[in-house]
J.: 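One structure is given below, represented as structure tokens, and several questions about it will come after.
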Amino acid sequence: MTLPLSFSIYTLGCKLNQLESEALAGAFADSGFRVLSRPEEAQGQDADITAVNTCTVTGKAEQKARRVIRKLLRDCPSSCVLVTGCYAELDREELERLALESGALSKTGERRLFIIPGRWKKILQTLPAFLASALPGNRQELPSLIQFWMDKHEGNGETQDEPDWPNPQASFFRSRAFIKIQDGCDKHCSFCRVRLARGRSVSLEAEEALARLRDLEARGFGEAVLTGVNIGLYRAVAGKTELNMAGLLRFLLEGTAGIALRLSSLEPDEMTEDLFEILGSTRIRSHFHISVQSGSAAVLKRMGRNYGPETVEAAAARLRELKDDPFLACDIITGFPGEGERDFEETVELCRRIGFAWIHAFPYSPRPGTAAASMKPLVSEREAGKRVAVLMELAGQGRAAYVQRWLGRSVEAVCESGEDPCLFHAVSENYLRLLCRSAPGEERPLPGSAFTCRISTVENSGEADAVGEILC
Ligand code: SF4
């Protein structure tokens, strides 16, 4: 008996990429491939096909992708490597060069590294079925079949701009549920090339979003994370009503019984009163990630952002009026061209005043094709790194203070999968990573389902913030 062909995927970047990777793994599983559930495990196991879903948001993310690809080519000599995602969309030639330099050839002398642009997502979903039907049980044929499949689609000049709305049914890498409701972006932030990779903003039909949410609720999921590149740009029509993000949230909550919603990330200028009103619902998780980027009005202007620090502060204050001590997090870029010491101090002051429970800080890196790539004066990498360190310190303090404030309180949490039958990880409604233990003889909650627990003690393991005692 021959073992089924195996597939693994290594994902870089955002939650959207993770969801799209999950969907691709699902397509391979549906076509009879054995999906290796952990990419780290996969790298050691030399899967027959390994995909790398890349990210282009920073120079570091691209560097990491190149490192992963080289490592796969070196350590997995039998694997065919598919490189896709945003970086593959924008820098196909560069990655092709890497393929040549790395000698990406199979034992039979065929090419085994394939660069599949990010916008081929929908078409890429058809590759597993094609391979399953064409493969005569001989894995040596894989490289030539993949090449044939690529030539066919390229030769047809098929448009790859059609949006893809993955809806993975099985979960390979995580147990929480995600719904992609939006893709692309219509804004022109001067540092960003994600919009170049993913194109204009498109939205999932509201009825389809509702159907997916109802399905998750029926399957016992306690919450769903709504994700996209910029979900504040969501626009769709339900019946005769035009829906924006606030409208979609109302529509989803009205059409379901109790499943909670978590939002991936919001831009400050898109947080209108209309949206705030619905964010106050008890079924919207008390966790908001605000895409702040800087606390300096001058830097924000050069970044092409349509708000100032006062908008961020007002949004944080409004969220605190609506929710009981919500988990507020933000993204900050340090070392944007022209960011002087005073500008950075303004960012630190803004973060301090708001008291974020987490700050995701990363150094600016010029992205080819963006307006900021030619802006001056540059801030040295070293200085940008030092500024990241200052913010990370603040982030650590913010998280510790937030956990302390919640000790002894009861929260709803969603169970994440894990090997141990009694000990498992969970994410609380307010985004604390919890380590929970079910009582001897008691079954632990099902992955993805909600339960109530009391936050008992601080847990500083790096993987969890606190211990959660299960109440019901
Ligand atoms: S809002 Fe700006 S940073 Fe965010 S995806 Fe759109 S262009 Fe990029």
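Numbering starts at 1 and runs along the sequence shown. When a ligand or atom number is given, it counts from 1 through the structure's own listing order.
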J.: Just checking, is any N or O donor in the side chain of Asp274 or Asn244 under 3.5 Å from an acceptor N or O on the other one?
T.: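 The answer is yes; a qualifying pair exists.
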J.: Decide yes or no for Asp215 and Arg219: does some side-chain heavy atom of the first lie under 4.5 Å from some side-chain heavy atom of the second?
T.: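 In contact.
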J.: At what distance is the nearest protein heavy atom to atom 2 (Fe) of ligand 1, and which residue and atom is it?
T.: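 Result for atom 2 (Fe) of ligand 1: Cys189 SG, 2.3 Å.
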J.: May I ask you to list the atoms of ligand 1 that are less than 4.0 angstrom from any heavy atom of Glu267?
T.: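 Reading through ligand 1 atom by atom, the close ones are 1 (S), 4 (Fe).
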J.: With atoms numbered from 1 as shown, which atoms in ligand 1 lie under 4.0 angstrom from a non-hydrogen atom of Phe191?
T.: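 So the answer, numbered in order with elements, is 3 (S).
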J.: Tell me, which protein residue and heavy-atom name are nearest atom 8 (Fe) of ligand 1, and how many Å apart are they?
T.: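 Minimum-distance protein heavy atom for atom 8 (Fe) of ligand 1 reads Cys192 SG, 2.3 Å.
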J.: Return yes when at least one N/O/S atom of His188 is nearer than 2.8 Å to atom 6 (Fe) of ligand 1, and no when none is.
T.: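 It does not; every qualifying atom lies at 2.8 Å or beyond.
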J.: Does even one non-hydrogen atom of Arg305 get within less than 4.0 Å of ligand 1?
T.: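 Right, Arg305 reaches ligand 1.
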J.: By number and element, which atoms of ligand 1 are closer than 4.0 Å to a non-hydrogen atom of Cys185?
T.: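 Answer, ordered by atom number: 1 (S), 5 (S), 6 (Fe), 7 (S).
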J.: Report yes if the distance between the aromatic ring centroids of Phe7 and Phe33 is under 6.0 Å, otherwise no.
T.: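 Phe7 vs Phe33: aromatic centres not under 6.0 Å.
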J.: Step through it carefully: locate the ring centre of Phe327, locate the ring centre of Tyr402, and say whether they are under 6.0 Å apart.
T.: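 Between Tyr402 and Phe327, which both carry aromatic rings, the centre distance is below 6.0 Å.
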J.: Within a distance under 4.0 Å of any heavy atom of Arg195, pick out the atoms of ligand 1 and give their elements.
T.: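 Every atom of ligand 1 under 4.0 Å from some heavy atom of Arg195: 7 (S).
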J.: Is there a salt bridge (charged side-chain N to carboxylate O under 4.0 Å, His left out) between Arg214 and Glu217? Walk through the geometry before answering.
T.: CA-CA 5 Å; Arg214 281 182 172 153; Glu217 185 165 49; over 6 Å; no
J.: Among Arg198, Lys122, Arg195, Arg119, find the residue that satisfies the salt bridge (charged side-chain N to carboxylate O under 4.0 Å, His left out) test when tested with Asp183.
T.: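 Of the listed options, the one satisfying the test is Arg198.
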J.: Which ligand 1 atoms does Val229 reach within 4.0 Å, using its non-hydrogen atoms?
T.: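 Listed by number with element: 5 (S).
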J.: Is the number of heavy atoms from other residues, nucleotides or ligands under 6.0 Å of Arg405 CZ greater than 12?
T.: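 More than 12 heavy atoms, drawn from other residues, nucleotides or ligands, come within 6.0 Å of this atom.
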J.: Taking only heavy atoms of Asn230, which atoms of ligand 1 are found under 4.0 Å from at least one of them?
T.: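 Answer for ligand 1: 1 (S).
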